[in-house]
Colleague: 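The structure follows.
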Amino acid sequence: MKTKTRSSAASLPLNQILAGDSIDVMNSLPEGSIDLIFADPPYNLQLRGDLHRPDNSKVDAVDDAWDQFDSFKVYDDFTREWLKAARRLLKPNGAIWAIGSYHNVYRMGAELQNLGFWILNDVVWRKSNPMPNFRGKRFTNAHETLIWASKNEAAKYTFNYEALKSLNEGIQMRSDWVLPICNGGERLKNEDGDKAHPTQKPESLLHRILVGTTNPGDVVLDPFFGTGTTGAVAKMLGREFIGIEREEKYRVVAEKRIAAVRKFDKDALHVSTSKRAEPRVPFGQLVERGMLRPGEELYSMNGRKKAKVRADGTLVSNDVKGSIHQVGAHLEGAPSCNGWTYWTFKRDGKNVPIDVLRQQIRAEMQ
Ligand SMILES: C[S@@+](CC[C@H](N)C(=O)[O-])C[C@H]1O[C@@H](n2cnc3c(N)ncnc32)[C@H](O)[C@@H]1O
């Protein structure tokens, strides 16, 4: 696979799948070099005996050696060690997503907090097509839990609020996500036509995570890479990835999968950004730059109120003077007013929102 390194994070093995134990490999990578970690570690399912469907066919459960731990203590020690290694790798404003089931997610949550990570949310991934509970002795296990945590409480983690809202048709994204499990054409098969991996995650899950909590060019590390779902989605979305996987058979599958993935068009990778993250443009700058002239009249969006622009970037209307926000609020008898969306100016007989001029300045700043 093509290797790319960056000067800011010297000799990072970008867009590679590294063979070996995730703790050892993570400890060999440079400190503070990773923007986001997505981790889907062994669940420690502790399965007792085979599981069969009502037609007596055997369920392809996770009974692999990589999921076996002798005791909770051994599992906790392992969890602590990989989380410690992961935290060392994160940049100061980095974050981690760790996914698990009831078997392991509480144990991971406790270790995350003990190590100084700051939990931002837990997200319930509700499976729209879960496997039934064949024995009928418990509830259908229809969800997994993801913990999203920043490196520490003060970290300025990435959260593309507006992009997530857009993904959700303009409604704030909630912490319960309904997405199907990975099957159909997306499910990778081996030469015998069986599942190539027992726990391949759906690309939709990674799409939401990467669009919501990383930016193009960010480095995403997955220490339990499996079939490389994280790498495949990272490549599509123009993020860099590093995968770690101990089992050769999974590395082979992941290499082939990622090689076949096409990166989306660069322009399509831009997402709606948080209004709060946009650079501040004072109204006075519009006047200084001659986009609006002192003495020019502004009109409220409904055309009922007007005010004059002054040379210092304030407005005057009858006896009231002040900022675009203060004068708008006074004229409306309202406690506050967003002057940028309230005022318009006239050009060629049409009322144009002053916010158009602010956007023009912001576009120049990009
Ligand atoms: C739950 S699966 C991850 C599946 C992956 N998210 C996907 O979509 O295909 C966990 C993976 O971690 C690997 N693994 C387990 N322990 C490991 C370790 N100590 N070091 C490296 N890889 C490990 C296993 O081989 C397995 O492929």
Side-chain angles (χ1 to χ4, degrees), residues 13 16-29 36-47 60-70 74-86 89 96-105 107-108 111 123 125 127 131 141 144-147 179-190 194-210 220-236 241-258 260-261:
Q16 290 186 50
I17 306 171
L18 309 176
D21 177 79
S22 58
I23 299 167
D24 295 341
V25 177
M26 280 195 278
N27 284 337
S28 72
L29 294 173
L36 187 86
I37 293 177
F38 174 84
D40 180 14
Y43 300 71
N44 189 23
L45 286 186
Q46 308 142 317
L47 293 177
D60 190 8
V62 188
D63 52 4
D64 308 67
W66 57 257
D67 201 49
Q68 318 278 333
F69 293 81
D70 288 341
V74 175
Y75 187 76
D76 291 346
D77 291 346
F78 162 73
T79 301
R80 194 175 316 111
E81 286 312 307
W82 78 254
L83 281 173
K84 212 189 280 177
L89 283 186
I96 186 168
W97 284 87
I99 183 168
S101 60
Y102 64 84
H103 309 85
N104 66 332
V105 77
R107 313 193 85 80
M108 279 199 297
E111 296 297 350
V123 167
W125 163 34
K127 302 172 182 180
M131 190 166 71
N141 194 13
E144 288 188 35
T145 304
L146 296 111
I147 301 174
L179 297 167
I181 60 170
C182 177
N183 53 19
E186 193 183 318
R187 188 88 208 200
L188 299 166
K189 303 275 168 32
N190 60 23
D194 297 326
K195 288 177 192 167
H197 194 291
T199 69
Q200 182 185 338
K201 293 295 172 295
E203 291 185 0
S204 55
L205 190 71
L206 270 301
H207 182 101
R208 191 170 294 182
I209 288 172
L210 296 189
V220 181
L221 176 115
D222 184 335
F224 304 101
F225 206 55
T227 58
T229 312
T230 305
V233 179
K235 184 175 171 188
M236 286 181 219
F241 73 86
I242 299 171
I244 307 171
E245 174 56 58
R246 212 169 41 181
E247 308 274 333
E248 192 190 359
K249 63 178 176 189
Y250 299 148
R251 291 198 303 273
V252 170
V253 168
E255 288 273 3
K256 196 168 155 212
R257 173 188 192 179
I258 295 168
V261 161

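In each ligand, atom 1 is the first atom listed, and ligand 1 is the first ligand listed. Just the heavy atoms: all of them, side chains too, but no hydrogens, waters or symmetry mates, feed the values below.
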Colleague: Which heavy atom of the protein is the closest neighbour of atom 6 (N) of ligand 1, given with residue, atom name and distance?
Modeller: D40 OD2, 2.8 Å
Colleague: Is there a polar contact, in the sense of an N or O pair closer than 3.5 Å, between E247 and ligand 1?
Modeller: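 No - when backbone and side-chain N and O of E247 are compared with those of ligand 1, no distance drops under 3.5 Å.
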Colleague: Check whether Q200 reaches the backbone of G228 with its side chain - one donor and one acceptor, N or O, closer than 3.5 Å.
Modeller: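 Checked: no pair found.
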Colleague: Going through the checks in order, is the ring-ring contact (aromatic ring centres under 6.0 Å, His included) test met by Y250 and H197?
Modeller: CA-CA 7 Å; Y250 299 148; H197 194 291; 4.1 Å; yes
Colleague: With no hydrogens and no angle check, is any side-chain donor or acceptor of R251 less than 3.5 Å from a backbone partner on I17?
Modeller: no
Colleague: Taking N or O atoms only and a 3.5 Å limit, does Y43 qualify as a polar contact for ligand 1?
Modeller: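 No, Y43 has no N/O under 3.5 Å of an N/O on ligand 1.
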Colleague: Ligand 1 versus F225, non-hydrogen atoms closer than 4.0 Å: side chain, backbone, both, neither?
Modeller: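 It is the backbone that touches ligand 1; the side chain stays farther off.
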Colleague: Judging by distance only, is a nitrogen or oxygen of Q200 under 3.5 angstrom from one on ligand 1?
Modeller: no
Colleague: Quick test: of every protein heavy atom, which one is nearest to atom 2 (S) of ligand 1, and how far off is it to 0.1 Å?
Modeller: T199 OG1, 3.2 Å
Colleague: Measure the distances from the heavy atoms of A254 to every atom of ligand 1 and state whether one is below 4.0 angstrom.
Modeller: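 Per 4.0 Å heavy-atom rule, A254 does not contact ligand 1.
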Colleague: Please report which non-hydrogen protein atom sits nearest to atom 19 (N) of ligand 1, along with the residue it belongs to and the distance in Å to one decimal place.
Modeller: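 For atom 19 (N) of ligand 1, the nearest protein heavy atom is D21 OD1, 2.9 Å.
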Colleague: Considering only the protein, which heavy-atom contact is closest to atom 20 (N) of ligand 1, and what is its distance?
Modeller: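 Among all protein heavy atoms, the one nearest atom 20 (N) of ligand 1 is S22 N, 2.8 Å.
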Colleague: I'd like to check which ligand 1 atoms, numbered from 1 as shown, lie under 4.0 Å from a non-hydrogen atom of H197.
Modeller: 2 (S), 4 (C), 26 (C), 27 (O)
Colleague: Is the shortest side-chain N to carboxylate O distance from K189 to D194 below 4.0 Å?
Modeller: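 Looking at D194 together with K189, the answer is no, because their closest N to O distance does not fall below 4.0 Å.
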Colleague: Does any N or O in the side chain of Y75 come within less than 3.5 Å of the main-chain N or O of N104, such that one atom is a donor and the other an acceptor?
Modeller: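 No; judged by distance alone, with no hydrogens or angles, the pair does not exist.
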Colleague: Considering heavy atoms of the protein only, find what lies nearest to atom 8 (O) of ligand 1 and give residue, atom and distance to 0.1 Å.
Modeller: T229 OG1, 2.6 Å
Colleague: Taking 4.0 angstrom as the limit and counting only heavy atoms of G226, give me the atoms of ligand 1 inside it, by number and element.
Modeller: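 With G226 as reference, the close atoms of ligand 1 come out as 9 (O), 27 (O).
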Colleague: At under 4.0 Å between heavy atoms, which part of F224 makes contact with ligand 1: side chain, backbone, both or neither?
Modeller: both
Colleague: How close does the nearest protein non-hydrogen atom get to atom 15 (C) of ligand 1, and which residue and atom is it?
Modeller: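 Of the protein heavy atoms, P42 CG, 3.6 Å lies nearest.
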Colleague: Look only at interatomic distance and state if D222 has a nitrogen or oxygen under 3.5 Å from any nitrogen or oxygen of ligand 1.
Modeller: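 By distance alone, the answer is no.
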Colleague: So, is E245 polar-close to ligand 1, with some N/O to N/O distance under 3.5 Å?
Modeller: yes
Colleague: Should you measure from each heavy atom of K201, which atoms of ligand 1 turn up under 4.0 Å away?
Modeller: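 Answer for ligand 1: 6 (N), 7 (C), 8 (O).
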Colleague: Can you list the ligand 1 atoms lying under 4.0 Å from a non-hydrogen atom of Y250?
Modeller: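 Under 4.0 Å from Y250, ligand 1 has these atoms: 25 (O), 27 (O).
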Colleague: For V74, does its backbone N or O pair with a side-chain atom of D77 as donor and acceptor, under 3.5 Å?
Modeller: no
Colleague: Ignoring hydrogens, what is the shortest heavy-atom contact between W125 and K201? Give both atom names and the distance.
Modeller: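 Closest pair (atom of W125, atom of K201, distance): CZ3-CD, 4.0 Å.
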Colleague: Going by the salt bridge (charged side-chain N to carboxylate O under 4.0 Å, His left out) test, name the single residue among R187, R257, R208 that passes it with E203.
Modeller: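 With E203 as partner, R187, R257, R208 yield a single salt bridge (charged side-chain N to carboxylate O under 4.0 Å, His left out), made by R257.
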Colleague: Output the list of atoms in ligand 1 that are nearer than 4.0 Å to some heavy atom of G20, sorted by atom number.
Modeller: 20 (N), 21 (C)
Colleague: What are the two closest non-hydrogen atoms of I258 and K235, and how far apart are they?
Modeller: O-NZ, 2.9 Å
Colleague: Can you report which non-hydrogen protein atom sits closest to atom 9 (O) of ligand 1, along with the distance?
Modeller: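 Going by distance alone, atom 9 (O) of ligand 1 is nearest to T227 OG1, 2.6 Å.
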Colleague: So T230 and F241, do their side chains get closer than 4.5 Å, heavy atoms only?
Modeller: no
Colleague: Does W66 offer a backbone N or O that forms a donor-acceptor pair with the side chain of D64 under 3.5 Å?
Modeller: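 Not at all, since once roles are kept as given, no pair shorter than 3.5 Å links the two residues.
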Colleague: Would you mind telling me if ligand 1 is within reach of the side chain of R246, the backbone, both or neither, using heavy atoms under 4.0 Å?
Modeller: both
Colleague: Under the side chain to side chain contact (heavy atoms under 4.5 Å, CB included) rule, what do W97 and L36 come out as? Steps first, then yes or no, please.
Modeller: CA-CA 8 Å; W97 284 87; L36 187 86; 3.8 Å; yes
Colleague: Does the distance from a Lys or Arg side-chain N to an Asp or Glu carboxylate O, for K127 and E144, drop under 4.0 Å?
Modeller: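 Result for this pair is yes, salt bridge flagged.
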